[in-house]
**Q** 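The structure follows.
So you know, we letter chains A, B, ... as the sequences are listed, proteins then strands, and number each from 1. Being a predicted model, the structure only gives us computed values, none of them experimental.
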Protein chains: 2
Amino acid sequence: MSDLLERLRGRGWRLTAQRRVVAEVLDGDHVHYTADEVHARASERLPEISRATVYNTLGELVLLGEVLEVSTDGRAKRYDPNAHHDHHHLVCSQCGTIRDVHIESDPMSALPEPERFGFEVSEVSVTFRGTCPNCARA
Amino acid sequence: MSDLLERLRGRGWRLTAQRRVVAEVLDGDHVHYTADEVHARASERLPEISRATVYNTLGELVLLGEVLEVSTDGRAKRYDPNAHHDHHHLVCSQCGTIRDVHIESDPMSALPEPERFGFEVSEVSVTFRGTCPNCARA
DNA sequence: TCTTGACTTAGACATTGTCCAATGTAGGAT
DNA sequence: ATCCTACATTGGACAATGTCTAAGTCAAGA
């Protein structure tokens, strides 16, 4: 993620303090924040940043393919900076935290032609649900 | 779905006009309405039914395992009455409609033990995304 | 350094969902 | 058949998440 800003600048992105802090917040291992969590953390470094800017920036990062949008539960969407590695998600049904996981087979090939109903299928995501060790203890 | 009401009565459900129309709306092939769509359709038969009741009833049907809650896009959740058959979903990225699909392999077995991170994994859902024939034409 | 179009802001608004106190009613008891 | 009462429904306030707009600000090229 460190060279993300360079890559984006190369694509004509205007580099602002706000965008920088949003990118910095997303940087990290296994981070899956909601938009408001990103806003809260960005505000620690740049107190006057507005919610609208965070939403805008996240939306742009998704469009640019740098970040994945994950909506697992009908609550707030979460943003996954690990967009360049093929992976899926393991979600705790109780607390909502997400882990990236890697699976052994290619799920796309599991959908036979007659089950595609004329769709142009372009993407597949596998979501495992369960209870995380933390919630299991409680 | 026709005997749904009987099954629920057997579980101590009090049978009201409101619950009946909600169940009737959900009855059908490949129906995946949002809560407000269910409310709109239920209102045609029972004009004074309230939104709260529709939400309550849908929530109960989910708890009872008669209906599946599907949240594919961070927009409104959709309700899938096909809960008794193992299936997955094919979603149109543009218009949001959902088809039930059946796949060839068991995705649960594709997640190796070390990738479970101590979770008690209980459920897996596979979501295919693409463009439906209708939207492709436009 | 100047200029300009892109970016940011605050807050109104929209959508989806939840909660609560007051009222109504299904179905067992009599 | 009627009554009782616990459970269900209602409407509207509220909450959470996300979108939009008009006005002000600023990054970066000339």
**Q** Look at A/Tyr55 and D/dT19 and indicate whether a side-chain polar atom (N or O) is within less than 4.0 Å of OP1 or OP2.
**A**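 So the side chain of A/Tyr55 is outside the cut-off, no N or O lying under 4.0 Å from OP1 or OP2 of D/dT19.
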**Q** Check the phosphate of C/dT15 against B/Arg75, side-chain N and O only, distance under 4.0 Å to OP1 or OP2. Yes or no?
**A**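 Looking at the OP1 and OP2 atoms of C/dT15, neither is under 4.0 Å from any side-chain N or O of B/Arg75.
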**Q** Distance check needed: D/dT19 C1' versus A/His39 NE2, whole Å only.
**A**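 Whole-Å distance recorded here is 15 Å.
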**Q** Nearest whole Å is fine: how far is D/dC7 C1' from B/Leu15 CG?
**A**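 Spelled out: CG on B/Leu15 to C1' on D/dC7 is 13 Å.
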**Q** Could you check which of D/dT9, D/dC7, D/dT17 has an atom nearest any side-chain atom of B/Arg14?
**A**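 Per side-chain heavy atoms of B/Arg14, the pick is D/dC7.
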**Q** For B/Leu46 and C/dT25, give me the distance from atom CG to atom C1', rounded to whole Å.
**A**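 Going from CG in B/Leu46 over to C1' in C/dT25 covers 14 Å.
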**Q** Out of the candidates B/His85, B/His88, B/His89, only one should pair with B/Asp100 under the side chain to side chain donor-acceptor pair (under 3.5 Å) rule; please name it.
**A**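 Testing each of B/His85, B/His88, B/His89 against B/Asp100, the sole residue satisfying side chain to side chain donor-acceptor pair (under 3.5 Å) is B/His89.
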**Q** Side chain of A/Arg51 only, please: which of D/dG18, C/dG24, C/dT9 is the nearest?
**A**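 Among the listed nucleotides, the one closest to the side chain of A/Arg51 is D/dG18.
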**Q** Check every strand shown and say whether B/Arg19 touches a base, only sugar-phosphate, or nothing at a heavy-atom separation below 4.0 Å.
**A**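 Since only primed, P, OP1 and OP2 atoms lie under 4.0 Å of B/Arg19, the category is sugar-phosphate.
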**Q** Heavy atoms only, 4.0 Å cut-off, all strands: where does A/Thr16 land among base, sugar-phosphate and nothing?
**A**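 Counting heavy atoms under 4.0 Å across all strands, the contact made by A/Thr16 is with sugar-phosphate only.
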**Q** Rounded to whole Å, please give me the gap between CD in A/Glu37 and C1' in D/dT17.
**A**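 For the pair A/Glu37 CD and D/dT17 C1', the rounded distance is 13 Å.
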**Q** Is a side-chain N or O of A/His39 found less than 3.5 angstrom from the main chain of A/Ile49, in a donor-acceptor match?
**A**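 Between the backbone of A/Ile49 and the side chain of A/His39 there is a qualifying donor-acceptor contact (under 3.5 Å).
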**Q** Within this structure, what is the CG-to-P distance between A/Asn56 and C/dA6, rounded to whole angstrom?
**A**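 Spelled out: CG on A/Asn56 to P on C/dA6 is 15 Å.
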**Q** Starting from P on D/dG18, measure out to OH on A/Tyr33 and report it in whole angstrom.
**A**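 That distance rounds to 17 Å.
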**Q** Look at the side chain of B/Ala52 and decide which nucleotide, out of D/dC26, D/dG12, D/dG18, has an atom nearest to it.
**A**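 Output: D/dG12.
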**Q** Kindly say if A/Ser50 contacts the phosphate of C/dT8, meaning a side-chain N or O under 4.0 Å from OP1 or OP2.
**A**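 No, outside the criterion.
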**Q** Using the closest heavy atom to pick a nucleotide of DNA chain C for each, name whichever of A/Ala17 or B/Thr34 lands nearer the 5' end.
**A**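 The residue closer to the strand's 5' end, by nearest nucleotide, is A/Ala17.
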**Q** Which of these passes salt bridge (charged side-chain N to carboxylate O under 4.0 Å, His left out) with A/Glu60: A/Arg14, A/Arg19, A/Arg11?
**A**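 Going through the options one by one, the only one that passes is A/Arg19.
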**Q** Indicate whether OP1 or OP2 belonging to D/dT10 is found under 4.0 Å from a side-chain N or O atom of B/Gln18.
**A**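 So the side-chain polar atoms of B/Gln18 do come within 4.0 Å of the phosphate oxygens OP1 or OP2 of D/dT10, strictly under.
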